[in-house]
Amino acid sequence: MTDVLAQLRAALPDGTVLTDPDLLASYRRDEADLCESGTPLAVVRPGSTGDVQATLRIASSTSTPVIAQGARTGLAGAANALDGAIVLAMTGLDRILEIDPVNRIAVVQPGVINADISRAAAKHGLRFPPDPGSWESSTIGGNVATNAGGMCCVKYGVTSEYVLGLEVVLADGEVLRCGRRTRKGVAGYDLTRLFTGSEGTLGVITEITLALRPATAGALTLAALFDTVPAAGAAVTAIASSDTTPSLLELLDAVHLRAIEAYRPMGLPDAAALLLAGTDTSAQDLAGIAGLCRAAGAIEVHVAEDATEADALLGARRAAHPAMERLAAVTFPAGDGALIIDDVAVPISRLVEMLDGIEGIAAAHGLTVGVVGHAGDGNLHPNIVVDRSDASSLAAGRAVFDEIMELGLALGGTCTGEHGVGLLKRDWLARELGPVGMRVQRAIKDALDPKGILNPGKVL
Ligand SMILES: Cc1cc2nc3c(=O)[nH]c(=O)nc-3n(C[C@H](O)[C@H](O)[C@H](O)COP(=O)(O)OP(=O)(O)OC[C@H]3O[C@@H](n4cnc5c(N)ncnc54)[C@H](O)[C@@H]3O)c2cc1C
């Protein structure tokens, strides 16, 4: 251990290798509660690709685990540290290197915050669409490593659709450049896609070439209220089957509406479910969506009067996570409240069955389970509220989690729509992929990380 530290200090600039115990403790984990984590040996804050290379060469020669971290907003424990590991904190590599309006690309370092890319692109009349709820805090490196989704992905697709090329430092410290700057390009295996979503287990991303899109006109937004959650799901199915593609289609259930209202009072209605829908095309398209909501049983449809009101509605959706954390805290005072956050995605045609099923599972176990999600993508986040100090509450929470996963797979879905596998979904990945799928995944991992030093214990 001392040897590893001495080597890191000798190879890296002063102030790059940090070992203060309080600081090490603060780098233990991401936002997923109830996942195991350890205390790293050191936090390395690289200032260049060369620093990442030097760190990985030492890690490789000493077989020391390395965990790349962005902003640690992840919700699957994927960024959690291990005892004795090196944490590579990538947030200091935060420069936007290039915005090229003709080729519509941005070249960025991994520590750039998602929303900063959007703001920089907007100056050129362009946009970077993927907008996770954490867009003001999560890094693009973390977004690429988890293949993050977001609110507008229902129309514009998730992060991987915008990643054209990568610079990646491999486990032995070598630098791989893959992908392209061109609109088209099919040279060789698509390694860019392979590293996208690999959760820090195949290499450390040090530069990203992103596709940008032309800016769109401001979105028009509506809120539709339903007296059951499955009715809101039926509206989503109807909208998905229509010839209008919404640019926003988010679901909030009653648990979330009440939690958000308690967290940040803004006059949200007390309904069983609220569907937030938007278009960036025409008022006519929005009217079509409103009609489909009414036909599916909406008890009220309210069209936002202006951008301020639309932003407030989106703000409510973005407050879902902290609001649910607060709900867990007030439900179980003395710091015992915890959330198990699920992330299941099903084909849209099975969404109503999924929503029905979640209600049944929650009722059978007597737990509070709030459902929020990118409904237009069939991607739901059931938030299970548990008491961490009560073994029976934890066991019930885990049973709910497992039954939701089971149902999602039975409906032809996936165990993670966007948060990634991390620690939380490892067992479920094997169930979803089966033995052949797992064998191929392990072969890829072994080829790129033969010593198993990159984020060990995550994903596989
Ligand atoms: C309030 C809130 C809302 C959220 N909303 C969404 C949402 O709408 N959609 C969504 O998809 N997620 C969402 N998330 C989850 C989270 O923000 C995303 O997973 C995000 O992409 C993580 O980015 P990060 O910078 O925090 O990465 P981290 O959490 O630090 O790391 C995530 C993973 O990426 C790896 N990693 C990070 N940087 C690198 C790198 N440079 N090279 C290689 N591997 C790396 C880590 O090892 C880890 O496996 C939300 C989280 C919160 C707290």
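For Glu136 and Arg318, the salt-bridge test fails: no basic side-chain N is under 4.0 Å from an acidic carboxylate O. Salt bridge Asp51/Arg45: absent, no basic N to carboxylate O contact under 4.0 Å. A salt bridge does not link Glu261 with Arg258: every distance from a Lys NZ or Arg NE/NH1/NH2 to an Asp or Glu carboxylate oxygen is 4.0 Å or more. In this structure, Arg177 pairs ionically with Glu207, as a charged nitrogen and a carboxylate oxygen lie closer than 4.0 Å. Electrostatic pairing of Arg317 and Glu250 counts as a salt bridge here, judged by a charged N lying under 4.0 Å from a carboxylate O.
Under the 3.5 Å distance criterion, the side-chain polar atoms of Asp253 are left unmatched by any main-chain donor or acceptor of Val229. Within the 3.5 Å criterion, the main-chain N or O of Pro246 finds no donor-acceptor partner in the side chain of Lys155. Thr159 places no side-chain N or O within 3.5 Å of a backbone atom of Asn147 that could act as its donor or acceptor partner. Arg95 contributes no side-chain N or O that, together with a main-chain N or O of Leu97, makes up a donor-acceptor pair within less than 3.5 Å. Asp336 contributes no side-chain N or O that, together with a main-chain N or O of Phe332, makes up a donor-acceptor pair within less than 3.5 Å. Of the possible donor and acceptor atoms, one in the side chain of Asp30 sits under 3.5 Å from a partner among the backbone N and O of Gly77.
Looking at Asn114 and Asp131, their side chains never bring a donor and an acceptor atom within 3.5 Å of each other. Remark: the Glu199 side chain and the Thr146 side chain contain no N/O donor-acceptor pair separated by less than 3.5 Å. Under 3.5 Å, the side chains of Trp428 and Asp402 contain a donor-acceptor pair of N or O atoms. Residues Thr201 and Asn455 bring no donor and acceptor atom of their side chains to less than 3.5 Å of each other. Side-chain contact, Thr416 with Asp343: a donor N or O sits under 3.5 Å from an acceptor N or O.
A distance of 5.5 Å separates CG in Leu194 from CD1 in Ile444, rounded to the nearest 0.5 Å.
When all heavy atoms are compared, the tightest approach of Cys293 to Leu275 is SG-CD2, 4.3 Å. Taking each heavy atom of Pro322 and Tyr263 in turn, the nearest pair found is CB-OH, 3.4 Å. Across all non-hydrogen atoms, the minimal contact from Gly420 to Ala76 is O-CB, 3.5 Å.
No cation-pi contact links Arg213 to Tyr156, judged by a cut-off of 6.0 Å to the six-membered ring centre and 45° from its axis.
The aromatic rings of His419 and His381 lie parallel to each other, with less than 30° between the two planes, well short of the 60° mark.
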(message) Determine whether His321 and Asn383 satisfy the following criterion, side-chain hydrogen bond (donor to acceptor under 3.5 Å, both in side chains), listing intermediate values before the conclusion.
(response) CA-CA 9 Å; His321 179 67; Asn383 279 278; 5.2 Å; no
(request) List the steps and the verdict of side-chain hydrogen bond (donor to acceptor under 3.5 Å, both in side chains) for Glu31 and Thr73. (result) CA-CA 5 Å; Glu31 286 278 330; Thr73 66; over 6 Å; no
(request) Given side-chain hydrogen bond (donor to acceptor under 3.5 Å, both in side chains), test Thr206 with Gln109 step by step and report yes or no. (result) CA-CA 6 Å; Thr206 46; Gln109 291 187 314; over 6 Å; no
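Of the options Thr331, Leu367, Leu339, a side-chain contact (heavy atoms from CB on, under 4.5 Å) to Val386 is made by Leu367 and by none of the others. The one candidate from Leu268, Val372, Leu274 that meets the side-chain contact (heavy atoms from CB on, under 4.5 Å) condition with Ile260 is Leu268.
At a threshold of 4.5 Å between non-hydrogen side-chain atoms, the residues Asp377 and Glu418 do not count as touching.
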